[in-house]
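Here's the structure, in C-alpha cells; my notes come after.
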Amino acid sequence: MRYPKIRARLAPALAGRLVNQLRDLAIVVTKLPKVDRSPDPDDNHLLALAEAGEAQFLVTGDMQLLSLKRHKFTRIITPATLVELLQ
C-alpha cells in the first residue's frame, strides 16, 4: 500500500486480506545465497529470494531485472506476461 499505483486500485481492507492470504501460501526462506548479478545491486536480494524459494517466476516492472530474463530456475517476467500465462 506504500505505492500510489497500488493504493489507487486496492481498498486497505482488501489489501490486508490479500496479505494475510499470501502469508498462508508463502514459503519462508531463512538462508539466502549470495547473488551479485543484477545491474542494480539493490535488486540482488530479489534474485536471492527467488533462488532460495525456487520460484518459478519473479514478476516485476523493473527494466533492469527484466533484462536478465532468467535467474537459475526463475523466469523474470512482467505482470502483463503473468496475466497472459494465467489465462
Do Met63 and Val59 share a hydrophobic cluster, counting only Ile, Leu, Val, Met, Phe, Trp and Tyr and linking them when any side-chain heavy atoms are less than 4.5 Å apart? no
Looking only at heavy atoms, what is the nearest atom pair of Arg37 and Leu47, with distance? CB-CD1, 4.1 Å
Value rounded to 0.5 Å, distance of CG in Leu18 from CD1 in Ile6: 10.5 Å
Does the His45 side chain pair with the main chain of Asp42, one donor and one acceptor, at a distance under 3.5 Å? yes
Other residues, nucleotides and ligands only: do more than 12 of their heavy atoms fall within 6.0 Å of CD on Gln64? yes
Under 3.5 Å, is there a donor-acceptor pair between the side chain of Thr74 and the main chain of Phe57? no
Please report the shortest heavy-atom distance between Asp62 and Leu65, naming the atom on each side. OD1-N, 2.9 Å
Do Leu22 and Leu82 sit in the same hydrophobic cluster, where Ile, Leu, Val, Met, Phe, Trp and Tyr count as joined when their side-chain heavy atoms come under 4.5 Å apart? no
Kindly give the heavy-atom pair with the smallest separation between Thr60 and Pro79, and that separation in Å. O-CD, 3.5 Å
Is the number of heavy atoms from other residues, nucleotides or ligands under 6.0 Å of Phe73 CZ greater than 12? no
So, taking the atom named CG in Leu46 and the one named CD in Glu51, what distance separates them when rounded to the nearest 0.5 Å? 13.0 Å
Connected via hydrophobic side-chain network under 4.5 Å: Val35 and Leu66: yes
For a 4.5 angstrom cut-off between non-hydrogen side-chain atoms, does Lys69 reach Arg75? no
If you group Ile, Leu, Val, Met, Phe, Trp and Tyr by side-chain heavy-atom gaps below 4.5 Å, do Leu32 and Val28 land in one group? no
Does Ile27 CD1 have over 12 foreign heavy atoms under 6.0 Å away? no
Answer yes or no: is there a side-chain heavy-atom contact under 4.5 Å between Ile77 and Leu85? yes
Could you tell me which non-hydrogen atom of Asp43 sits nearest to which non-hydrogen atom of Ser38, and how far apart they are? CB-OG, 3.5 Å
First locate atom CZ of Arg7, then atom CZ of Arg2, and finally report the distance between them rounded to the nearest 0.5 Å. 10.5 Å
Minimum heavy-atom distance Pro33-Ala48, with the two atoms named: O-CB, 3.5 Å
Mark yes when over 12 heavy atoms from residues, nucleotides or ligands other than Arg70 sit less than 6.0 Å from its CZ; otherwise mark no. yes
Distance-only donor-acceptor check, side chains Asn20 and Arg23, under 3.5 Å: yes
